[in-house]
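The block underneath contains the structure these notes are about, expressed in structure tokens.
Within every chain, numbering begins at 1; the chains are lettered A, B, ... in the order of the sequence lines, protein sequences first and strands thereafter. The basis for the numbers below is simple: all heavy atoms, side chains too, and nothing from hydrogens, waters or symmetry mates.
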Amino acid sequence: MHCNWKGQGERFCHLICDDVIEDPIKNPAKVKVNTHFSPFIYQPDHLIVQELIAHNLVKGYTFTFPLVLISYKLRFFSHADGEKSEKELCECLATSQDQSTTDLFDKAAMPVQLLKIVKGQSETPLPSHLQKENLQQLEEGCDYTNKYIQGIVSLSYPLTKLGDGTDFFKIVLQDSDNLSSQINSIHVFIYGKMAEDCAKMIRHGETFIVAGFKVVKLPTAREDDRHGCNLEVSEEAGSAIYICTKPGTTTASETASVSVAPKYVYTPLNHLKDGTIVNLYGVVKFFKPPYISKGTDYCSVVTLVDPSNVKLTCSLFNGNLDSLPKIYKVGDIVRFHRIKIREYNGQMQGITSGGFASLTFDGTVGAPIVPRTSSRVYTFMDEEQKTVEELRIWAASNISISGPAAKLSGVQPMLFFDLTCQLVGKAKVDGSSFLLKVWDGTKCPYPTWKVPVEAKDLEGDKVFLHQLRNLAVDILVYDNHVQLAESLKIGSFLRIYSIHSKQASADNEDVSHIEFHLHGGTCYGRGIGVLPESNPDVKELKAFLESLDLTVGQNMESMCSMDVDSTFDNDTVLTDHQDLSNTELKTIKNSSAPRQYRIRAKLRTYKPQKLHQSVKLHCSKCNSLQEVPDRDDFDFILRGSAGTASNPELHNTSWYESVTWTTQDQKQREITIHFVKHDEMLQHPEDTLLMVEGGTLKEIWKLSKRFKCIIPVRSTEDDLKLLDLSAPFLLQRNVKYYGCKQCSAPKPVKNLSSLAAEQQPSWEPSEIAQVLGIELLQYVFIMKFTLVDETGALNAYLFDYEKFFQIPACEILTNNFLQEKMQMTMNTLCPPGRKLGDLPWLECFIKSYNVRDAMKNQVYYQIFDTTVAEDVV
DNA sequence: TTAGGATTTG
């Protein structure tokens with residue numbers, strides 16, 4: 001990340017970041033605060049910043065926040081006076097970007113990576129642990145594991161083989177940063193698979209980055225501009241190569257290059273010819289997950305369609321499971337390179353040929369386009385991204401994707417279904433069958449069979465299996481699936497395709513039970529697939545499993561309740577209108593924004609836990625949020641203004657009477673109070689507005705108890721003026737009212753005379769603010785609620801002035817009774833120490849909305865039109 | 001070579 005703190009005056013600065021990282025939640029920036037700050041945030045949308053400002057930013061505190069925020073420009077106001085330099089105010093510490101890199105490229109499998117360059121910058125950042133090394137400083141024997149050299153490929157030699165058969169590729173790298181330097185090029189020797197990969201991909205003129213190389217000194221000194229060392233690079237040595245390609249640009253040298261990255265041509269499925277080897281794209285209409293064939297290889301059968309509406313069934317073989325396409329569901333999109341086309345039974349058929357390679361993409365419109373592949377090297381450019389997007393859109397209306405994946409809670413007897421689950425136990429049963437114990441966190445509504453196996457044969461955590469005894473189910477797999485089942489690791493996430501749920505009853509049972517079989521054969525795609533943890537369905541399942549409390553599951557069981565949920569059917573939140581039916585959280589998360597939903601969920605947790613931290617100030621004009629200044633801030637400003645003497649010329653006008661006191665203490669301060677009159681007369685104290693010059697915090701507080709309104713002011717030559725807007729411009733009862741520094745344009749205090757002249761001055765804060773040119777900040781509650789239901793979890797923000805808790809946010813900070821009431825409400829909604837299953841159900845409305853910037857779109861959720869029911873309050 | 005889609009019958 002490249003961040004700059006840009007100062008704009010001495011009291012605040014901007015943190016500006018041009019980068020937008022793929023997944024800012026996973027890649028937070030770390031910022032260390034070097035002085036006391038109250039953050040003020042320019043942000044088109046206020047809700048996503050609440051986590052940031054929930055913290056009390058004090059000196060030395062390091063906080064993290066999503067990079068996406070930084071790109072919106074944050075502004076921090078320093079309470080420290082004087083000329084702090086930008087660096088002193090805040091500094092940007094290291095950021096972690098490894099995650100986003102591994103998302104796009106599996107580093108272990110991808111020693112050579114192609115980085116796409118957009119606007120002169122690589123779209124994918126280099127791993128953050130890599131440090132750039134200068135060509136001039138290379139020395140033999142040093143450790144370059146975490147260093148990289150960057151240069152331009154100025155020359156490459158043909159790929160050759162060494163005596164032992166190892167591939168060998170040699171290039172000359174020119175140091176583009178130091179062209180004038182005497183020594184500005186170095187030879188790079190690349191060995192093995194990397195040599196082969198690089199030879200295919202490298203073009204002259206491209207930027208080449210190599211990390212984890214070895215420096216070998218040349219035997220003799222050089223007289224030309226060549227470096228005295230060579231770089232040696234190989235996969236075995238842990239090297240990594242990054243080749244930066246510029247899509248759409250061709251250089252003159254490219255035509256002269258010895259090895260040019262191939263430009264692929266893709267054949268539509270209606271143009272396939274017998275005996276050809278082609279590249280193609282298709283949408284998966286049917287597939288068999290890889291299984292062990294009767295020959296020597298794994299086999300996967302895949303049927304594709306494309307917008308020509310022609311089908312192609314492909315038989316794909318490979319001895320390495322990883323080399324077959326990683327298809328997880330119908331609707332996935334694949335790109336096959338070098339697939340052989342043959343005619344069989346009057347139809348075209350695809351079959352793997354030498355050099356077959358595949359990429360697989362999630363077929364969901366709008367999902368990130370991240371190829372699943374085992375290839376070490378692949379090309380994937382803008383136009384190919386476009387192809388995937390187009391196919392997704394076509395498939396959305398042309399392929400019937402099987403309905404929502406079955407959960408154990410939704411199984412019916414006598415059907416076949418696919419189950420996404422976690423493996424928790426396994427056991428050999430006999431030669432032709434094998435037992436898998438799995439769970440998905442939901443409970444099968446029917447009694448399920450237990451396959452009898454000897455305890456010693458059962459692999460898996462015994463304690464865990466015992467905990468799951470009412471949730472995990474036995475699946476018996478047969479014949480050809482046994483070998484694959486044996487190799488599965490406990491804890492892994494599986495999708496088991498076409499499980500047969502069979503109703504049966506044993507002689508000694510009154511009621512029938514359900515048996516789960518994965519029969520032999522591969523008909524209808526029957527089989528077992530291992531899903532990686534990066535799979536979105538796995539992420540969701542994992543989050544759900546982690547949210548469960550297993551001891552509760554057993555309590556539920558002991559209650560013999562088939563519908564566990566109804567046991568706790570005591571909704572505690574009423575909603576304003578009932579025009580929506582409930583939507584599951586999973587459905588909401590899978591839908592596009594903006595939309596409105598009614599949900600039924602449990603409040604697993606909320607932030608901030610210290611409820612007073614949930615109160616912020618919001619400007620409805622610029623949509624900014626800020627922390628409520630503390631009393632020290634106000635005191636500081638009052639002390640600052642006390643140095644300004646009251647100007648007697650401004651005393652006693654037509655609309656106010658002025659009185660000055662001198663304090664009895666040693667300091668002998670002057671306090672001036674201007675009593676605003678009505679109809680040329682003083683009012684009762686409880687109806688009177690005062691303007692106060694020179695008071696302390698304590699004095700102003702005391703005055704506010706007795707008088708209706710207090711406006712702290714100071715004298716200038718020609719008028720009374722409001723204090724700095726970090727201080728409240730108005731105090732009324734217990735509430736301090738603040739103005740937005742951005743949006744306010746303070747007007748002369750004498751404008752108040754118009755209000756004073758009204759029939760019965762109400763002294764409404766909003767009216768006072770208006771005549772004084774102040775944009776009134778409103779007190780709001782901002783909280784993050786983590787809501788869960790059977791289908792998943794979702795974070796929703798509460799942004800509320802008064803409605804939700806039926807407590808005005810402006811009063812909470814000064815009213816102990818209201819604070820207790822709010823705490824009790826939260827304790828009712830989310831009782832501390834209670835298990836998830838015991839939490840009450842809440843019904844509320846949430847709306848989804850998009851937060852966009854130039855690079856990405858993120859969906860957020862907000863609670864609206866919801867009020868805590870009377871009996872809870 | 002293997003599979004060549006089109007549910008086991010345990």
Side-chain angles (χ1 to χ4, degrees), chain A residues 269 272 274-275 282-305 310-321 323-325 327 329-332 334 336 339-354 356 399-402 406 411-419 427-436 448-453 474-485 495-507 512-529:
Chain A
L269 299 184
L272 298 174
D274 184 22
V283 182
V284 174
K285 187 180 164 49
F286 166 81
F287 72 105
K288 294 183 175 182
Y291 58 94
I292 298 158
S293 76
K294 289 176 182 149
T296 58
D297 291 333
Y298 286 94
C299 173
S300 181
V301 173
V302 182
T303 302
L304 306 179
V305 275
V310 168
K311 279 201 299 181
L312 178 75
T313 298
C314 305
S315 298
L316 310 174
F317 301 100
N318 202 301
N320 176 8
L321 188 67
S323 296
L324 291 170
I327 298 167
K329 53 171 85 161
V330 168
D332 279 353
V334 294
F336 289 168
I339 185 154
K340 189 156 59 174
I341 303 300
R342 291 195 316 206
E343 197 179 319
Y344 176 77
N345 283 346
Q347 284 206 310
M348 290 303 162
Q349 174 194 58
I351 190 159
T352 39
S353 72
F356 170 82
I399 299 272
S400 60
I401 297 173
S402 48
V411 300
Q412 295 294 322
M414 306 301 283
L415 52 70
F416 293 86
F417 66 99
D418 299 345
L419 181 69
K428 185 175 160 60
V429 176
D430 59 41
S432 69
S433 65
F434 194 84
L435 171 65
L436 298 179
T448 60
W449 72 335
K450 293 289 170 227
V451 178
V453 287
D474 285 6
I475 298 174
L476 203 54
V477 311
Y478 295 93
D479 305 335
N480 55 317
H481 307 300
V482 169
Q483 196 183 342
L484 201 132
R495 185 163 288 148
I496 308 181
Y497 299 92
S498 206
I499 297 174
H500 184 197
S501 63
K502 183 180 169 184
Q503 196 159 29
S505 56
D507 296 338
S512 58
H513 63 251
I514 284 199
E515 301 177 353
F516 297 106
H517 301 270
L518 187 71
H519 297 296
T522 60
C523 289
Y524 274 88
R526 196 185 300 133
I528 304 169

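- Rounded to an integer number of Å, the gap from A:Ile292 CD1 to B:dT1 C1' is 16 Å.
- The nearest whole Å value for the distance from the CG atom in A:Asp418 to the C1' atom in B:dG5 is 14 Å.
- Side chain of A:Lys502, nearest nucleotide from B:dT7, B:dA3, B:dG10: B:dG10.
- The interatomic distance linking A:Lys340 (NZ) with B:dT2 (P) rounds to 14 Å, in whole Å.
- Ring-base stacking between A:Tyr524 and B:dG5 is not satisfied when judged by a centre separation under 5.5 Å and a plane angle under 30°.
- Stacking here means ring centres nearer than 5.5 Å and ring planes tilted less than 30 degrees, and by that measure A:Phe286 stacks onto B:dG5.
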field: side chain to side chain contact (heavy atoms under 4.5 Å, CB included) assessment of A:Val301 paired with A:Cys299
entry: CA-CA 7 Å; A:Val301 173; A:Cys299 173; 4.1 Å; yes

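- Take A:Lys329 and apply the side chain to side chain donor-acceptor pair (under 3.5 Å) test, not counting sequence neighbours, and it matches A:Asp537.
- Judged by centroid separation below 5.5 Å and plane tilt below 30°, A:Phe416 stacks onto the base of B:dT7.
- The distance from atom CG of A:Leu518 to atom P of B:dT9 is 12 Å, rounded to the nearest whole Å.
- For the pair A:Lys285 and B:dG5, the criterion of a side-chain N or O lying under 4.0 Å from OP1 or OP2 is not met.
- Looking at A:Thr303, its side chain comes within 3.5 Å of the base of B:dG5 through a donor and an acceptor atom.
- Legend: residues meeting side chain to side chain contact (heavy atoms under 4.5 Å, CB included) with A:Asp430, ordered by chain and number and at least two apart, are A:Ser432, A:Ser433.
- Not counting sequence neighbours, A:Phe317 has no partner by the ring-ring contact (aromatic ring centres under 6.0 Å, His included) test.
- Every side chain to side chain contact (heavy atoms under 4.5 Å, CB included) that A:Val482 has, sequence neighbours left out, goes to A:Phe434, A:Glu486.
- When the C1' atom of B:dG4 is taken as reference, atom CZ of A:Phe287 falls 18 Å away, rounded to whole Å.
- Residue pairs meeting the side-chain hydrogen bond (donor to acceptor under 3.5 Å, both in side chains) criterion with at least one member in residues 288-303 of chain A, sequence neighbours excluded, are A:Lys288-A:Thr522, A:Thr303-A:Thr313.
- At the phosphate of B:dG5, neither OP1 nor OP2 sits under 4.0 Å from any side-chain N or O atom of A:Lys311.
- Among the protein residues, A:Ser433 comes within range of no part of the nucleic acid, since none of its heavy atoms lies under 4.0 Å from any strand.
- Remark: A:Tyr344, A:Gln349, A:Ile351 in residues 344-353 of chain A come within less than 4.0 Å of DNA chain B through at least one heavy atom.
- Contact annotation for A:Gly520: base contact, defined as any heavy-atom pair under 4.0 Å involving a base atom.
- When rounded to the nearest whole Å, the span between CD1 of A:Ile341 and P of B:dG4 equals 17 Å.
- In this structure, A:His517 and A:Trp449 have tilted ring planes: the angle between them lies in the 30° to 60° band.
- When each of A:Gly525 and A:Gly521 is assigned the nucleotide of DNA chain B bearing its nearest heavy atom, the one mapping closer to the 5' terminus is A:Gly525.
- The two residues A:Cys314 and A:Phe336 have their closest heavy-atom pair at SG-CE1, 4.0 Å.
- For the pair A:Asn480 CG and B:dT8 C1', the computed distance is 12 Å after rounding to whole Å.
- Between A:Asn320 atom CG and B:dT2 atom C1' there is a gap of 16 Å when expressed in whole angstrom units.
- Using a 4.0 Å heavy-atom criterion, one finds that A:Thr522 contacts no nucleic acid atom at all.
- Considering only the side chain of A:Phe317, B:dA3 comes nearest among B:dA3, B:dG5, B:dG10.
- Looking at heavy-atom distances under 4.0 Å, A:Tyr291 makes contact with sugar-phosphate atoms alone, never a base.
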